[in-house]
Amino acid sequence: MQPDQASIVMNFLLNSLEHEHATTAKVLDRVPDSGAEYTPDPKSMTAGNLAWHIASAELFFMTGIADGEFPKGGDRPESVKTPKDVAQWYRQAFPQALEKLKALSGEDLVRVIDFHGIFKMPALVYTNLMINHTIHHRGQLSAYLRPMGVGVPSIYGGSADEPISTPASA
């Protein structure tokens, strides 16, 4: 892929990322602090850990793509203890990371980045991987909500808890 082509694809992906961010933030907002330890199965992450995984992994990928290398580790900040803290951290950290992605050149997007020796792909490819990763885990977390006694927000359409309202003129 040529740099100018990568820039066109990235513009498309950034629009998707912004839309998905708003949806992910809605799901994270719904996780009650009282449900942080909820898990549907012993092999599953707790709701609190899954919420952190979603938020932190997205920012991890955004940072790595923008910097041209993925950071090592990445502990949860001491101030992020509850699911509500995770949602707030995610909303605050996202805009700055998004601006860094928007500033990338076509050449930046086609450069190959090593993912800790596991695989090497162009930066642009990691952007799509990141979006899919977030959607996958957001789906898991949204399935935790109702058993925790919390309504599921609309995601790609209405839910039983947040139906689509049809305009009267329709």
Side-chain angles (χ1 to χ4, degrees), residues 9-67 70-71 74-104 123-170:
V9 174
M10 186 61 154
N11 285 335
F12 170 79
L13 291 174
L14 288 173
N15 286 333
S16 294
L17 178 60
E18 287 184 270
H19 174 77
E20 296 300 340
H21 168 74
T23 303
T24 299
K26 283 194 319 186
V27 172
L28 292 174
D29 284 341
R30 295 285 177 101
V31 179
D33 288 345
S34 62
E37 296 305 313
Y38 173 80
T39 182
D41 186 88
K43 290 182 180 179
S44 301
M45 282 190 256
T46 64
N49 286 340
L50 183 54
W52 174 248
H53 177 69
I54 292 166
S56 65
E58 189 167 291
L59 273 292
F60 166 86
F61 275 106
M62 292 173 82
T63 299
I65 293 163
D67 293 347
F70 290 101
D75 295 328
R76 189 185 303 208
E78 187 62 35
S79 63
V80 180
K81 296 181 187 323
T82 68
K84 295 300 176 209
D85 295 339
V86 170
Q88 182 180 5
W89 179 87
Y90 178 69
R91 286 183 186 276
Q92 289 175 343
F94 183 86
Q96 183 179 5
L98 180 64
E99 289 308 311
K100 288 181 180 178
L101 290 183
K102 287 181 176 182
L104 294 175
L124 180 67
V125 176
Y126 289 105
T127 306
N128 191 56
L129 176 69
M130 170 192 60
I131 293 168
N132 290 339
H133 177 269
T134 296
I135 292 168
H136 164 74
H137 287 299
R138 184 182 70 208
Q140 291 175 316
L141 187 59
S142 67
Y144 285 25
L145 295 177
R146 199 166 286 122
M148 288 190 294
V150 180
V152 177
S154 63
I155 295 176
Y156 292 122
S159 74
D161 304 303
E162 200 175 273
I164 293 176
S165 56
T166 307
S169 61

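If you read the sequence from its start, that first residue is 1, and numbering goes on from there. Here the structure is a predicted model, which means the values were calculated and not measured.
- Summarising the geometry, atom CD belonging to Gln140 is positioned 7.5 Å from atom CD1 belonging to Ile54; distances are rounded to the nearest 0.5 Å.
- Scanning both residues, Arg146 and Ala160, for their nearest heavy atoms gives NH2-CB, 3.9 Å.
- Listed here is the closest heavy atom pair of Ala93 and Leu59: O-CD1, 3.7 Å.
- Partners of Phe70 by ring-ring contact (aromatic ring centres under 6.0 Å, His included), not counting sequence neighbours, listed by chain and number: Phe60, Phe61, Phe115, Tyr126.
- The shortest heavy-atom contact between Ile164 and Gly157 is CD1-CA, 3.7 Å.
- Considering only residues two or more places apart in sequence or on other chains, Asn128 meets the side-chain hydrogen bond (donor to acceptor under 3.5 Å, both in side chains) condition with none of them.
- Arg138 places no side-chain N or O within donor-acceptor distance of the main-chain N or O of Val27, the cut-off being under 3.5 Å.
- By the 4.5 Å heavy-atom criterion applied to side chains, Pro153 and Leu145 are counted as neighbours.
- Between Tyr90 and Phe94, the ring planes lie tilted relative to each other; the angle falls in the 30° to 60° range.
- Between Lys102 and Glu18 the shortest side-chain heavy-atom distance falls below 4.5 Å.
- Once rounded to the nearest 0.5 Å, the distance linking CG of Leu14 with NE2 of His19 reads 14.5 Å.
- Lys26 places no side-chain N or O within 3.5 Å of a backbone atom of His21 that could act as its donor or acceptor partner.
- Looking at every heavy atom in both residues, Thr24 comes nearest to Thr134 through OG1-CG2, 3.4 Å.
- A side-chain contact (heavy atoms from CB on, under 4.5 Å) with Pro83 holds for exactly one of Leu28, Leu141, Asp33, Leu50; it is Asp33.
- Between the side chain of Lys84 and the backbone N or O of Asp29, at least one donor-acceptor pair lies under 3.5 Å.
- In terms of heavy atoms, Arg76 sits closest to Lys81 at NH1-O, 4.0 Å.
- Atom CD of Gln96 has 12 or fewer heavy atoms from other residues, nucleotides or ligands within 6.0 Å.
- For the atom pair CE (Met62) and CD (Glu58), the distance works out to 6.0 Å, reported to the nearest 0.5 Å.
- In this structure, the side chains of Ile131 and Leu13 come closer than 4.5 Å at one or more pairs of heavy atoms.
- Proximity of a side-chain donor or acceptor of Thr39 to a complementary backbone N or O of Pro42 within less than 3.5 Å is not detected.
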Do Thr46 and Tyr38 pass the side chain to side chain contact (heavy atoms under 4.5 Å, CB included) test, and can you show the C-alpha distance, the side-chain angles, and the key distance before you say yes or no?
CA-CA 5 Å; Thr46 64; Tyr38 173 80; over 6 Å; no
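- Here the CE-CD distance, from Met130 to Glu20, works out to 10.5 Å after rounding to the nearest 0.5 Å.
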For Thr82 and Asp85, what are the C-alpha separation, side-chain angles and deciding distance, and is it a side-chain hydrogen bond (donor to acceptor under 3.5 Å, both in side chains)?
CA-CA 5 Å; Thr82 68; Asp85 295 339; 3.2 Å; yes
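- Residues Leu101 and Leu17 are in side-chain contact: their nearest non-hydrogen atoms beyond the backbone lie under 4.5 Å apart.
- Expressed to the nearest 0.5 Å, how far OG1 of Thr127 lies from CG of Asn132 amounts to 11.0 Å.
- Taking OG from Ser56 and CG from Asn49, the interatomic distance works out to 9.5 Å, rounded to the nearest 0.5 Å.
- When every heavy atom of Gly35 is checked against every heavy atom of Met148, the shortest pair comes out as O-SD, 3.4 Å.
- Proximity of Arg30 to Val152: side-chain heavy atoms (C-beta onward) are nowhere separated by under 4.5 Å.
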